[in-house]
S.K.: 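Dropping a structure here in structure tokens format, bear with me for questions.
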Amino acid sequence: MAYWLFKTEPQVFGIDDLAAIHPKSEPWDGIRNYQARNLLRDQVAEGDEVFIYHSSCAQVGIAGLARVASAAYVDPDQFDPESKYYDPKAEQDTPRWYRVDVVYQRTLDKLIPLKLLKQQEALVDMVLLKQGRLSVQPVRQEEWDYILTHLA
DNA sequence: GCCAACGTTGGC
DNA sequence: GCCAACGTTGGC
């Protein structure tokens, strides 16, 4: 079992939206970055645990927990000219983009701010702090445990 | 294959 | 809204 951090803009779809549809799962769509795509397609597995991270908003940080509810599958939006995620270069037999489904697990009592994460000596190697722009990123077991034990 | 131009992400 | 980081595109 592995741990991940998924970014989302809460004004578009945040932890509250995920909670509202629980116990239904939500397709985590719109991943259009190759590094994130490769992680999704090749490494994210059903049952993995996920930090839901709110970005581009007033309160930036880890807002809650979710669980991966499906292995990666082809994101149909890439073939839909009406979709904002349409990719004219994607072919049916050689899809470019994938997505997984996630299901709500819980909302943290208090969002863990990015600022607080940055202050932790134990977290200096977190992908989030080293490579800010990746929208699907691995979290090491010890980072996961540290965050939930000391910061949540 | 290099690299400049350009576009996007995302914190502030 | 600004700007740094960085991914992608396209000319050569």
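Sequence lines set the chain letters: A, B, ... in the order given, protein chains first and strands last, and positions in each chain run from 1.
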S.K.: Could you verify whether a donor N or O on one side chain and an acceptor N or O on the other, from A:Gln78 and A:Tyr86, lie under 3.5 Å apart?
M.R.: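 Checked: A:Gln78/A:Tyr86 side chains show no N/O donor-acceptor pair below 3.5 Å.
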S.K.: What is the distance, to the nearest angstrom, from the CG atom on A:Leu117 to the C1' atom on B:dC12?
M.R.: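 Distance check: A:Leu117 CG to B:dC12 C1' gives 16 Å.
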S.K.: Counting only side-chain heavy atoms from C-beta out, which of B:dG10, C:dG7, C:dT9 sits nearest to A:Asn33?
M.R.: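 Closest of the options to the side chain of A:Asn33: C:dG7.
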S.K.: What do you reckon, are the aromatic ring centroids of A:Tyr34 and A:Trp97 less than 6.0 Å apart?
M.R.: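 They qualify: ring centres under 6.0 Å apart.
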S.K.: Have a look at A:Lys118 and say if it touches a base, only the backbone sugar-phosphate, or nothing, with a 4.0 Å heavy-atom cut-off.
M.R.: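 Sugar-phosphate only.
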S.K.: Judged by modelled atom types alone, do A:Asp101 and A:Tyr73 share a side-chain donor-acceptor pair under 3.5 Å?
M.R.: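 Short answer, yes.
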S.K.: For A:Arg67, is there an ion pair with A:Asp48 - N to carboxylate O distance below 4.0 angstrom?
M.R.: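 Salt bridge flag = no for A:Arg67 with A:Asp48.
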S.K.: Nearest whole angstrom, please: distance from the P of C:dT8 to the CD1 of A:Ile31.
M.R.: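 Computing the A:Ile31:CD1 to C:dT8:P distance gives 13 Å.
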S.K.: For A:Arg133 and B:dC12, what is the distance between atoms CZ and P respectively, to the nearest whole Å?
M.R.: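 Rounding to the nearest Å, CZ of A:Arg133 and P of B:dC12 are 16 Å apart.
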S.K.: Expressed in angstrom and rounded to an integer, what is the separation of A:Glu9 atom CD from B:dG10 atom C1'?
M.R.: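 For the pair A:Glu9 CD and B:dG10 C1', the rounded distance is 8 Å.
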S.K.: Can you tell me how far P of C:dT9 sits from CG of A:Asp87, to the nearest Å?
M.R.: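 Atom CG in A:Asp87 sits about 9 Å away from atom P in C:dT9.
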S.K.: Using atom NE2 of A:His54 as one end and atom P of B:dG11 as the other, report the distance to the nearest whole Å.
M.R.: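 Nearest whole value for this atom pair: 12 Å.
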S.K.: Please step through side chain to side chain donor-acceptor pair (under 3.5 Å) for the pair A:Gln137 and A:Gln35, ending with a clear verdict.
M.R.: CA-CA 9 Å; A:Gln137 47 179 268; A:Gln35 200 179 347; over 6 Å; no
S.K.: Is any side-chain N or O of A:Lys7 closer than 4.0 Å to OP1 or OP2 of B:dT9?
M.R.: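 Answer is no, no contact under 4.0 Å.
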S.K.: For the side chain of A:Tyr34, starting at C-beta, report the closest nucleotide among C:dT9, B:dG11, C:dT8.
M.R.: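 For the A:Tyr34 side chain, the nearest candidate turns out to be C:dT8.
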S.K.: Just how far, in rounded Å, is C1' of B:dC12 from CG of A:Leu129?
M.R.: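 After rounding, the gap between these two atoms is 16 Å.
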S.K.: Taking only N and O in the side chain of A:Tyr53, is any of them less than 4.0 Å away from OP1 or OP2 of B:dG11?
M.R.: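 Yes, A:Tyr53 has a side-chain N/O under 4.0 Å of OP1/OP2 on B:dG11.
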S.K.: How many whole angstroms separate atom CG of A:Leu128 from atom P of C:dA5?
M.R.: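 Value for this atom pair: 16 Å.
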S.K.: Within the structure shown, what part of the strands sits under 4.0 Å from A:Gln131 by heavy-atom distance: base, sugar-phosphate, or nothing?
M.R.: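 Sugar-phosphate contact only - A:Gln131 comes under 4.0 Å of backbone atoms but never of a base.
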